[in-house]
Amino acid sequence: MILRLKAVTKDYIWGGTRLREEYGKIGGNRLAESWELSVHPDGMSTISGGEYDGMPLGEFVEKFPESTGKNSFGNIPILIKLIDAKDNLSVQVHPDNDYARKYEDDNGKTEMWYIVDCDENASIIYGFKDKLTKEEFRSAIADNTLLYKVNTVPVKKGDVFLIRAGTLHAIGKGCLIAEIQQSSNVTYRVYDYGRLDDKGNPRELHIDKAVDVTNTSPAEIPVQNNEKGGILCDCEYFTVYREDISGESVIKQNKDTFTHIMVLEGRGEVISENCRYTAEKGESFFVTAGTEWHIKGNCSIIYTVV
Ligand code: ZN
């Protein structure tokens with residue numbers, strides 16, 4: 001079975017308007033993130049259309065546990081977002097599973113970014129240039145010199161970055177990103193550019209926890225550009241593919257796990273034996289484990305399995 005999903009949107013202060021204007025997302029003027037595949041309690045996808053219209057995805061997979069397949073994680077262990085950074089995101093880090101389960105009652109967060117589109121001079125922050133001690137990291141936050149110690153990496157459309165839990169990072173302004181991550185909503189912010197929120201207050205920082213979990217070794221920056229298709233990322237939590245379709249794609253099936261499909265560009269039809277949906281730019285689909293599916297039309301998709 002294939003289900004069309006309706007995303008949950010978030011209006012964080014750095015968000016832009018592109019997800020509404022170009023990707024058909026519903027939300028206010030400022031639209032930072034759409035959570036395309038999520039069973040996280042902080043924002044759950046719902047099913048749109050068909051027999052289960054309006055049902056939260058988490059309820060569906062509880063009712064039909066076989067729909068997520070026999071993946072070793074159980075349920076849906078990932079969260080997939082579109083992110084429109086009109087302004088810089090805070091410099092931040094996420095804990096690993098052990099730390100997050102112990103202190104946050106949530107999962108750790110390893111994430112992958114695919115640069116769907118970006119401004120000409122866009123960049124991201126990825127780890128440290130040189131090895132710091134934990135004390136040096138703490139004082140760089142305190143005396144506002146952190147941005148001199150981190151790698152600022154210019155990006156272009158099609159770049160792929162895997163950001164493991166413990167890696168300091170930030171999405172820079174002008175990036176539109178597809179993010180595939182572990183299902184978690186734990187972020188430790190260390191630097192927020194001195195910004196104030198809508199109420200005029202600085203957003204909370206989480207420096208002690210960040211110092212605990214951050215890997216302060218110099219980062220090796222992964223360089224991968226993929227505009228042509230194939231595997232974007234294959235790590236222990238998820239495998240992400242990109243494909244350009246013109247005409248008809250070959251039939252796919254994954255017996256062991258569900259598949260999430262997201263249309264990045266163009267338009268097509270997502271088809272299984274019993275289901276057929278038009279698929280527009282920005283739309284997401286959940287394919288239950290074992291279902292044969294393929295796509296017709298002219299479009300670019302990314303699809304993810306665990
Ligand atoms: Zn992050």
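Counting starts at 1 for both ligands and their atoms, in listed order.
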Could you check if a side-chain atom of R4 sits within less than 4.5 angstrom of a side-chain atom of I47, using non-hydrogen atoms only?
no
For side chain to side chain contact (heavy atoms under 4.5 Å, CB included), just list the numbers for I302 and L264, CA-CA rounded to whole Å, side-chain angles, deciding distance to a tenth of an Å, and then say yes or no.
CA-CA 7 Å; I302 55 177; L264 295 181; 3.8 Å; yes
Could you check whether R195 pairs with D192 (Lys NZ or Arg NE/NH1/NH2 to Asp/Glu carboxylate O, under 4.0 Å)?
yes
D159 with K156: basic N within carboxylate O range, under 4.0 Å
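Looking at D159 and K156, the cut-off is met.
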Grab the two heavy atoms, one from R18 and one from D117, that are nearest each other, plus how far apart they are.
NH2-OD2, 2.6 Å
Using links of under 4.5 Å between side-chain heavy atoms of ILVMFWY residues, direct or through other members, which residues join F161 in one cluster?
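Taking Ile, Leu, Val, Met, Phe, Trp and Tyr as members, F161 shares its hydrophobic cluster with V8, Y12, I13, W14, W35, L79, I83, L89, W113, I115, I124, Y126, V153, V155, I163, I171, I177, I221.
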Below 2.8 Å, which protein N, O or S atoms neighbour the Zn ion (ligand 1), ignoring water?
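Listed by chain and number, the nearby protein N, O or S atoms are H94 NE2, E111 OE1, E111 OE2, H169 NE2.
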